[in-house]
Engineer: 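I have a structure I would like to understand better, so I am pasting it below and will then ask my questions one at a time.
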Amino acid sequence: MTKKFNFDVTATDGRARTGVISTPRGEIRTPAFMPVGTAATVKAMLPESVRATGADILLGNTYHLMLRPTAERIARLGGLHRFMNWDRPILTDSGGFQVMSLAGLRKLTEEGVTFKSHIDGSRHALTPERSMEIQALLGSDIVMAFDECTPFPSDEATARRSMELSMRWARRSREAFGDRPGHALFGIQQGSVYRDQRQESADKLREIGFDGYAIGGLAVGEGQATMFEVLEYAPAMLPEDRPRYLMGVGKPDDIVGAVERGIDMMDCVLPSRSGRTGQAFTRFGVVNIRNARHQDDPRPLDEHCTCPACRNYSRAYLHHVNRAQEIIASMLLTWHNLHYFQELMQGLRDAIAEGRLAAFVSDFHARRAEGDI
Ligand SMILES: O=c1nc[nH]c2cc3[nH]c(NCCN4CCCCC4)nc3cc12
């Protein structure tokens, strides 16, 4: 890798900013939304379709890929980009979050976590060192430090113990990552909903030194109001000349609120997962295509939308193929949702660049109905 990893802020509007992350595999326009490609695929999408929605970067998961097909096999086959036919940037999560939410029989020690695979019950271990090794084998461009996502709710003492463990693991991740030009290592802030702990975590990460900084421990059931309370102060604790990545977020209004509060990168399974269940996100709110009221409706999901689902198909058709559990239903609704999320990001980037974010946000909220439309 000759070219290096870089981040430039290009405009600001209040606490929000636009920027460009340069990597050897291409540029990432921020604020950016990352579609989730858990098992080396964004479910129901071809990589070229994901790119057509406007995505500059995908997310992959260490936990899933280490279990199947294993990181060693992907490395032997040329790495994750070649394996999944996506030649642009990939960010990989470090595995701790998925172990706690998916694996069985978990044992957490200072060393790391041991667990049973949710696929075949085999025993595995993840440590900061092993997580760095796996992410290097995958060849991801942005590597996440190995951390523990502090459960919510946690009392202050529990949250502190968890945060301090994650900071010791952050240092071990940094040391194990080594010097890899063109590749980035992001640290992850913890501290739950406790401002002093969030500050200590940010200070520790800054002391260790990372290429980017994630806000972890959120979107874990605390609710939007509490998440926004933390986002009132947490982003500014992190270096302003580095990308700030809010993990696991979120619904469109979560995304808008996070960008307003200084977040540059986000990822969520919501647009793809809900596409498979028949939930379509539009500028007017959520359409549940399974609802009988759509069965004779000749209109598209959203007449302003230029995605293949909205250009070529009626709600009646989408209702039919969803009810019939046809594969095309997942394809079309996933494509639409990812297109809508990327269109929202482009709207946010344009509004920030032109200094009219407040107007964009009030227009965003004014259009949206509360319930299903
Ligand atoms: O603290 C974290 N460290 C490492 N990875 C993470 C991933 C996360 N993902 C989430 N939330 C995901 C919420 N998502 C919403 C849609 C349905 C599935 C769950 N919080 C996270 C915190 C972390």
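Order of listing sets the numbers, starting from 1, for every ligand and every atom in it.
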Engineer: Considering residues, nucleotides and ligands other than Leu105, do more than 12 of their heavy atoms fall under 6.0 Å from its CG?
Structural biologist: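 Buried by this count: over 12 neighbours within 6.0 Å.
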Engineer: Do Thr23 and Asp141 have side-chain atoms, one donor and one acceptor, less than 3.5 Å apart?
Structural biologist: no
Engineer: Any N or O on Gly217 sitting closer than 3.5 Å to an N or O of ligand 1?
Structural biologist: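 Between Gly217 and ligand 1 (N or O atoms, distance only) the closest approach is under 3.5 Å.
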Engineer: I'd like to know whether ligand 1 has Gly96 as a neighbour, heavy-atom separation below 4.0 Å.
Structural biologist: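 No heavy atom of Gly96 comes that close to ligand 1.
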Engineer: Looking only at heavy atoms of Gln98, does any of them come nearer than 4.0 Å to an atom of ligand 1?
Structural biologist: no
Engineer: Does a donor on one side chain and an acceptor on the other come within less than 3.5 Å for Asp267 and Tyr245?
Structural biologist: yes
Engineer: Check for me, please, whether Leu246 and Phe364 land in the same ILVMFWY cluster - side-chain distances under 4.5 Å, paths through other members count.
Structural biologist: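 Yes.
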Engineer: Under 4.0 Å, heavy-atom basis, I'd like to know which part of Met144 is in contact with ligand 1: side chain, backbone, both or neither.
Structural biologist: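 The answer is neither; Met144 stays 4.0 Å or more away.
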Engineer: Has Glu110 got more than 12 heavy atoms of other residues, nucleotides or ligands less than 6.0 Å from its CD?
Structural biologist: yes
Engineer: Pick one of side chain, backbone, both or neither for how Asp93 approaches ligand 1, counting any non-hydrogen atom pair under 4.0 Å.
Structural biologist: side chain
Engineer: Run the numbers for me: atoms of ligand 1, each under 4.0 Å from some heavy atom of Gly216, listed by number.
Structural biologist: 1 (O), 2 (C)
Engineer: What is the closest protein heavy atom to atom 21 (C) of ligand 1, and at what distance does it sit?
Structural biologist: Phe97 CE1, 3.5 Å
Engineer: Go through ligand 1 atom by atom and flag the ones less than 4.0 Å from a non-hydrogen atom of Ala219.
Structural biologist: 10 (C), 11 (N), 12 (C), 13 (C), 20 (N)
Engineer: Given salt bridge (charged side-chain N to carboxylate O under 4.0 Å, His left out), test Glu232 with Arg15 step by step and report yes or no.
Structural biologist: CA-CA 10 Å; Glu232 280 305 314; Arg15 287 178 283 174; 3.2 Å; yes
Engineer: Under a heavy-atom criterion of less than 4.0 Å, does Leu270 contact ligand 1?
Structural biologist: no
Engineer: Find the distance between CG (Leu59) and CE (Met266) and round it off to the nearest 0.5 Å.
Structural biologist: 13.0 Å
Engineer: Show which atoms of ligand 1 fall inside a sub-4.0 Å distance from at least one heavy-atom site of Asp147.
Structural biologist: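 Counting atoms of ligand 1 from 1, those under 4.0 Å from Asp147 are 1 (O), 2 (C), 3 (N), 4 (C).
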Engineer: What protein heavy atom sits nearest atom 20 (N) of ligand 1, and how far off is it?
Structural biologist: Leu218 O, 2.8 Å
Engineer: Just to confirm my output: which protein heavy-atom neighbour is closest to atom 19 (C) of ligand 1, and how far is it?
Structural biologist: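 Result: Val269 CG2, 4.8 Å.
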Engineer: How are the rings of His64 and His118 set to each other: parallel, tilted or perpendicular (split at 30° and 60°)?
Structural biologist: perpendicular
Engineer: Quick one: does Arg273 get a heavy atom under 4.0 Å from ligand 1?
Structural biologist: yes
Engineer: Out of the candidates Ile188, Asp264, Leu205, only one should pair with Tyr213 under the side chain to side chain contact (heavy atoms under 4.5 Å, CB included) rule; please name it.
Structural biologist: Leu205
Engineer: Is Val220 in polar range of ligand 1, meaning some N or O pair under 3.5 Å apart?
Structural biologist: no
